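Order of listing sets the numbers, starting from 1, for every ligand and every atom in it. In this text the structure is predicted, and so the values were computed from the model without any measurement.
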Amino acid sequence: MPLILPDWNPRAVLEPLRLPWLDAAGLELAVLRLDALDPLVSGNKWFKLAPWLARAGRDGAEGLISLGGAHSNHLHALAAAGARFGFPTVGLLRGEPQDTPTAQDLRRFGMALHWLGYGGYRARHQANFWEPWLQRYPGYQPVPEGGGGLTGAQGCAALVAMIREQLPALGWGDYHSLWTAVGTGTTLAGLVLGEAGAHPVIGALAVPVDHGVPAQVSGILAEAGCTDAGYRLVDASRGGFARLDAELARFLLDCERDGGVGLEPLYTAKALLAIRDEARAGRIPSGSRLVLLHTGGLQGRRALHDELLRLAGYTDQAVEAQG
Ligand SMILES: *Cc1c(COP(=O)(O)O)cnc(C)c1O
């Protein structure tokens, strides 16, 4: 039975985030809360997925099939959307079976899981990778890892209008720059397309600088017939993707306590810390108004909570008492 298209266009709220270090730097920050769209479906992964879902609906697909790791925000958003809107989903996972909180959610959402091992997962870039899976799941729409490419970026371009229409409610006439965490650069490319040069877009790299992000962003922009102008990357990775350290852990827990917003350490806390470091280095003038995409990913934080407390040297009780 071909899947029914969800008629769902969630609006993320743009809200001010007040933190002591922002006040000290003379900065105002507004956060577009993609993390708080819906109890089930959230994050930038939903917006990257939405055009793929639309395509699957137009083509009369039977379901969607995609790939990711044992903590994948992408598979989580896909499985959640399947549960929310009642269409079947299949997840192909990297490595050996693991019982992570994410994998438990995927199963609970009704996603069929197949663990490919590491070698099997590496084969995902081969031309005939999908063939056996589409024989097993005929009529399914394959979605590339992370919902990438121009299709995914176009889903994120719409976020710029969402920001713009909420500026009056904030009392802001305008903003100086738009920030997002960057993994593949798909979200960033979408923002560059949406801004069309109106504001600089700054990408806080959650991956090392040699991970090919500029080439990926250029590829998407070229496919859209757009030039590279209007974005800049800063290194926010702190030594590598998913690399955690004591300063990051303390910063994350302090910002959660002081700002009343949930953060995770791979993307959103690193992006916020990059803003603080850029401000301290004098590269963001006092008086600036910044917008940051809260790209979500809080579901992945569960597996890292104890590690964050340990690194920060905080106890759960202390965090709760301060909160
Ligand atoms: C995937 C992800 C990103 C990075 O998005 P890209 O489009 O790959 O650059 C940022 N933040 C969170 C929480 C994510 O899950």
Exercise for the section: Kindly compute the distance separating NE2 (His305) from CZ (Arg301), expressed to the nearest 0.5 Å. Expected result: 5.5 Å
Exercise for the section: Work out which heavy atom in Met111 is nearest to a heavy atom in Leu75; give both atom names and the distance. Expected result: CE-O, 3.8 Å
Exercise for the section: Look only at interatomic distance and state if Tyr267 has a nitrogen or oxygen under 3.5 Å from any nitrogen or oxygen of ligand 1. Expected result: no
Problem - Element-labelled atoms of ligand 1 that are located less than 4.0 Å from some non-hydrogen atom of Asn73 - result: 13 (C), 14 (C), 15 (O)
Exercise for the section: Assess Thr268 for proximity to ligand 1: is some non-hydrogen atom of it under 4.0 Å away? Expected result: no
Problem - Arg18, CZ atom: more than 12 neighbouring heavy atoms under 6.0 Å - result: no
Problem - Flag for Gln299-Asp105: side-chain donor and acceptor within less than 3.5 Å - result: no
Exercise for the section: Quick one: look at Leu266 and ligand 1, take heavy-atom pairs under 4.0 Å, and tell me if it's side chain, backbone, both or neither. Expected result: neither
Fill in the blank from the handout: Here the atoms of ligand 1 under 4.0 Å from any heavy atom belonging to Thr187 are 5 (O), 6 (P), 7 (O)
Handout entry: Proximal ligand 1 atoms for Gly296, defined as those under 4.0 Å from one of its heavy atoms
Key = 13 (C)
Practice task
Output the list of atoms in ligand 1 that are nearer than 4.0 Å to some heavy atom of Lys48, sorted by atom number.
Solution key: 5 (O), 6 (P), 7 (O), 8 (O)
Fill in the blank from the handout: For Thr295, the ligand 1 atoms with a heavy-atom partner under 4.0 Å come out as 10 (C), 11 (N), 12 (C), 13 (C)
Handout entry: Sub-4.0 Å heavy-atom contact, His74 with ligand 1
Key = no
Problem - cation_pi(Arg136, Trp133) dist<6.0 Å, angle<=45 - result: no
Practice task
Decide whether Asp35 and Ser42 meet the rule of one side-chain donor and one side-chain acceptor closer than 3.5 Å.
Solution key: no
Problem - Check: Lys270 side chain, Leu205 main-chain N or O, donor-acceptor pair, under 3.5 Å - result: no
Problem - atom 1 (C) of ligand 1: the protein heavy-atom neighbour that sits closest, reported with distance to 0.1 Å - result: Lys45 NZ, 1.5 Å
Problem - Check: Gly185 N/O within less than 3.5 Å of ligand 1 N/O - result: yes
Handout entry: Partner of Glu145 by salt bridge (Lys or Arg N to Asp or Glu O under 4.0 Å), out of Arg122, Lys45, Arg124
Key = Arg124
Handout entry: Protein contact to atom 5 (O) of ligand 1 [nearest heavy atom, distance to 0.1 Å]
Key = Asn44 ND2, 3.0 Å
Exercise for the section: Dump the intermediate steps for side-chain contact (heavy atoms from CB on, under 4.5 Å) on Gln216 and Thr186, then the final yes or no. Expected result: CA-CA 8 Å; Gln216 277 158 197; Thr186 307; over 6 Å; no
Handout entry: For atom 8 (O) of ligand 1, the protein heavy atom that lies nearest, with its residue and separation
Key = Thr184 OG1, 2.6 Å
Exercise for the section: Decide whether an N or O pair under 3.5 Å exists between Val182 and ligand 1. Expected result: no
Practice task
Would you check whether Glu264 has a nitrogen or oxygen atom less than 3.5 angstrom from a nitrogen or oxygen atom of ligand 1?
Solution key: no
Practice task
Indicate, with yes or no, if Val209 and Leu266 share a hydrophobic cluster defined by side-chain heavy-atom contacts under 4.5 Å among Ile, Leu, Val, Met, Phe, Trp and Tyr.
Solution key: yes
Exercise for the section: Report the nearest protein non-hydrogen atom to atom 4 (C) of ligand 1: residue, atom name, distance rounded to 0.1 Å. Expected result: Gly183 N, 3.4 Å
